[in-house]
Peer 1: 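Pasting in a structure now, in structure tokens, and then I'll have a few things to ask.
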Amino acid sequence: MEKIFAGILGMGHYLPDKVLTNYDLEKMVDTNNDWIVERTGIKSRHIAAPEQATSDLAFIAAERALKDAGIDGKDIECVIVATESPDTKFPSTACLLQDKIGAKNAAAFDLSAGCSGFVYALAVANTMIVSGLYKHILVVGAETLSRIMNWQDRNTCVLFGDGAGAAVVGQVEDGYGILSIDMGADGSGGQFLSQPAGGSRKPASHETVDAGEHFIHMDGSEVFKFAVKIMGRTAENAMKKAGLNTEEIDLLIPHQANIRIINSAAKRLGISMDKVFVNVDKYGNTSAASIPIAICEAREQGLLEKGKTVILAGFGAGLTWASIALKWSK
Ligand code: UT7
């Protein structure tokens with residue numbers, strides 16, 4: 001059987017209008033701009049308007065991706081939304097999005113893999129395309145983490161932001177698109193980054209709300225240690241699986257969580273920072289949305305012409321990690 005290559009046919013992203021700077025945060029919680037910039041590289045983040053939920057952000061990004069790909073919603077056969085801040089536990093945000101974009105012929109489901117979610121979803125879509133199951137899949141990373149943030153917890157509230165990025169995935173020219181995938185998980189570290197209540201283990205109650213257990217809880221230094229260890233390693237694995245060496249990489253697009261984590265991954269890989277895409281300063285950590293937003297911006301900046309070799313590398317809650325090597329096909 002003829003080998004099919006899957007890749008990105010079109011992309012779009014969306015960031016809500018409201019910008020929250022470090023100086024704004026200084027007025028809300030015991031923190032300061034210098035600490036945030038020095039420890040994370042973040043200067044500002046975008047926050048969804050009160051009436052916007054994750055599917056609304058996803059919808060705008062999706063419409064832009066469909067337009068970019070020249071594909072109509074009804075030609076999408078599957079919608080995958082990677083998110084940790086869905087509109088509701090169920091129905092899935094993917095089903096809400098499927099309806100909004102008129103993807104009447106599509107299956108739809110959410111995928112939970114923390115900040116690795118978009119890369120995981122792209123890997124799933126790749127398998128569905130190369131197997132011949134579907135022709136066009138909409139893959140979205142979208143978050144309104146501001147809704148599950150404890151704005152009194154300086155350990156977390158300075159880090160995250162809202163946003164969405166979407167990709168239409170389909171068949172591309174032979175030799176282009178997704179070249180290799182590396183994914184993994186270590187559930188033993190799950191407690192280091194979680195939303196403790198609201199599920200079947202601890203259903204929402206007055207007590208869980210009073211204890212703030214519906215918010216994001218994170219042991220920052222444990223996640224930091226994990227991230228520094230894993231991000232370079234997973235990117236390296238994807239490169240090896242694709243038979244690529246460092247010199248052949250045109251651009252590394254890492255998950256945007258912390259500039260120090262990005263620097264350490266680049267160092268391990270021996271990739272100079274001018275080949276590493278960074279926008280964590282503007283948006284903070286938008287979790288599953290961070291990589292697709294970064295791809296869109298890299299493309300807008302002219303860094304992704306046809307034939308460029310790119311590594312996407314993420315890590316996140318779960319704990320999870322995922323990398324993809326791809327040859328840009330547009
Ligand atoms: O996508 C995955 C999501 N998560 C991550 O990627 C997070 C990974 N972890 C990190 O990025 C870092 O661990 C942080 C940025 C969260 C923290 O940086 P750190 O260098 O590991 O700082 P720390 O946790 O060791 O804290 C150092 C000090 C502490 O004070 P004491 O105990 O030394 O007096 C903290 O209380 O900094 C204090 N601190 C703050 N100070 C001002 C913690 N947060 C803040 C803050 N402003 N926002």
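In listed order, ligands and their atoms are each counted from 1.
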Peer 1: Hey, mind stepping through Lys225 and Glu222 against salt bridge (Lys or Arg N to Asp or Glu O under 4.0 Å) and telling me if it holds?
Peer 2: CA-CA 5 Å; Lys225 279 189 267 171; Glu222 285 295 338; 3.3 Å; yes

Peer 1: For Asn285, is the nearest heavy atom under 4.0 Å from an atom of ligand 1?
Peer 2: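 It does, in that a heavy atom of Asn285 comes within the 4.0 Å cut-off of ligand 1.
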
Peer 1: What residue among Thr208, Val209, Ile148, Asn150 forms side chain to side chain contact (heavy atoms under 4.5 Å, CB included) with His214?
Peer 2: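 Among Thr208, Val209, Ile148, Asn150, the one that satisfies the side chain to side chain contact (heavy atoms under 4.5 Å, CB included) with His214 is Val209.
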
Peer 1: According to a 4.5 Å side-chain heavy-atom criterion applied to Ile, Leu, Val, Met, Phe, Trp and Tyr, with indirect links allowed, do Tyr134 and Val140 form part of one hydrophobic cluster?
Peer 2: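 As far as the 4.5 Å side-chain criterion goes, Val140 and Tyr134 are not connected within one cluster.
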
Peer 1: Among all the protein's non-hydrogen atoms, which is closest to atom 5 (C) of ligand 1, and how far away is it?
Peer 2: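 Of every protein heavy atom, Val223 CG1, 3.7 Å lies nearest to atom 5 (C) of ligand 1.
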
Peer 1: Under 4.0 Å and counting heavy atoms only, is there anything from the protein next to atom 33 (O) of ligand 1?
Peer 2: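 Within 4.0 Å: no protein heavy atom nearby.
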
Peer 1: Using a 6.0 Å distance limit plus a 45 degree cone around the ring axis, check whether Lys27 lies over the aromatic ring of Tyr23.
Peer 2: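 Not flagged: Lys27 not positioned over aromatic ring of Tyr23.
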
Peer 1: Taking 4.0 angstrom as the limit and counting only heavy atoms of Asn155, give me the atoms of ligand 1 inside it, by number and element.
Peer 2: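 Answer for ligand 1: 43 (C), 44 (N).
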
Peer 1: Among Glu297, Gln256, Arg45, His13, which residue meets the side-chain hydrogen bond (donor to acceptor under 3.5 Å, both in side chains) test with Tyr283?
Peer 2: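 It is Glu297, the one option of Glu297, Gln256, Arg45, His13 that forms the side-chain hydrogen bond (donor to acceptor under 3.5 Å, both in side chains) with Tyr283.
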
Peer 1: For ligand 1, which atoms, with element, lie under 4.0 Å from some heavy atom of Cys115?
Peer 2: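 What qualifies from ligand 1 is 1 (O), 2 (C).
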
Peer 1: Using modelled atom types and a 3.5 Å cut-off, is there a donor and acceptor pairing between side-chain atoms of Asp182 and backbone atoms of Asn237?
Peer 2: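 Not a single qualifying donor-acceptor pair exists.
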
Peer 1: Report whether Val280 and Leu159 are members of the same hydrophobic cluster (ILVMFWY, side-chain heavy atoms less than 4.5 Å apart, transitive linking).
Peer 2: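 Yes; Leu159 is reachable from Val280 via cluster members.
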
Peer 1: Provide the number and element of each atom of ligand 1 under 4.0 Å from a heavy atom of Val158.
Peer 2: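 The atoms of ligand 1 under 4.0 Å from a heavy atom of Val158 are 48 (N).
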
Peer 1: Taking Asp281 for its side chain and Gly41 for its backbone only, find out whether a donor-acceptor pair lies under 3.5 Å.
Peer 2: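 No.
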
Peer 1: How far is atom 39 (N) of ligand 1 from its nearest protein heavy atom, and which residue and atom name does that atom have?
Peer 2: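 Scanning the protein heavy atoms, the shortest distance from atom 39 (N) of ligand 1 goes to Trp35 CZ2, 3.4 Å.
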
Peer 1: Determine, considering heavy atoms only, which of Phe224, Phe226, Phe315 sits nearest to atom 10 (C) of ligand 1.
Peer 2: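 Considering heavy atoms of Phe224, Phe226, Phe315, the nearest to atom 10 (C) of ligand 1 sits in Phe224.
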
Peer 1: How far is atom 6 (O) of ligand 1 from its nearest protein heavy atom, and which residue and atom is that?
Peer 2: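 Nearest protein contact, heavy atoms only, for atom 6 (O) of ligand 1 is Ala257 CB, 3.4 Å.
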
Peer 1: Distance under 4.0 Å to a non-hydrogen atom of Asn258: what atoms of ligand 1 satisfy this?
Peer 2: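 Near Asn258, meaning under 4.0 Å from one of its heavy atoms, ligand 1 has 10 (C), 11 (O), 15 (C).
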
Peer 1: For ligand 1, is there an N or O atom under 3.5 Å from any N or O atom of Gly316?
Peer 2: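 There is no such contact.
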
Peer 1: Provide the number and element of each atom of ligand 1 under 4.0 Å from a heavy atom of Thr40.
Peer 2: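 That gives atoms 15 (C) of ligand 1.
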
Peer 1: Does the residue Ala227 have a heavy-atom contact with ligand 1, meaning some pair of atoms that are separated by less than 4.0 Å?
Peer 2: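 No heavy atom of Ala227 comes that close to ligand 1.
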
Peer 1: For Arg260, counting its heavy atoms only, list the atoms of ligand 1 lying under 4.0 Å from any of them.
Peer 2: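 Atoms satisfying the 4.0 Å criterion: 18 (O), 19 (P), 20 (O).
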
Peer 1: Among all protein heavy atoms, pick out the one at the shortest distance from atom 35 (C) of ligand 1; state its residue, atom name and that distance to 0.1 Å.
Peer 2: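 Minimum-distance protein heavy atom for atom 35 (C) of ligand 1 reads Arg154 NH2, 3.9 Å.
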
Peer 1: Mark yes or no for whether Asp110, through its side chain, and Ser92, through its backbone, hold a donor-acceptor pair below 3.5 Å.
Peer 2: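 Checking the backbone N and O of Ser92 against the side chain of Asp110, no donor-acceptor pair under 3.5 Å is found.
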
Peer 1: Identify which of Asp30, Thr31, Leu145, Ile216 has a heavy atom lying nearest to atom 46 (C) of ligand 1.
Peer 2: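 Among Asp30, Thr31, Leu145, Ile216, the closest heavy atom to atom 46 (C) of ligand 1 belongs to Thr31.
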
Peer 1: Looking at ligand 1, does any of its N/O atoms fall within less than 3.5 Å of an N/O of Asn32?
Peer 2: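 For ligand 1, there is no N or O atom that lies under 3.5 Å from one belonging to Asn32.
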
Peer 1: Is it true that Leu303 and Ile262 fall in one hydrophobic cluster, defined by side-chain heavy atoms closer than 4.5 Å?
Peer 2: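 No, Leu303 does not connect to Ile262 through the hydrophobic network.
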
Peer 1: I'd like the name of whichever of Lys225, Glu222, Arg39, His255 reaches closest to atom 26 (O) of ligand 1 through any heavy atom.
Peer 2: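 The nearest heavy atom belongs to Arg39.
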
Peer 1: Does CD in Gln191 sit with more than 12 non-hydrogen atoms of other residues, nucleotides or ligands closer than 6.0 Å?
Peer 2: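 Yes, the 6.0 Å shell around CD holds more than 12 heavy atoms from other groups.
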
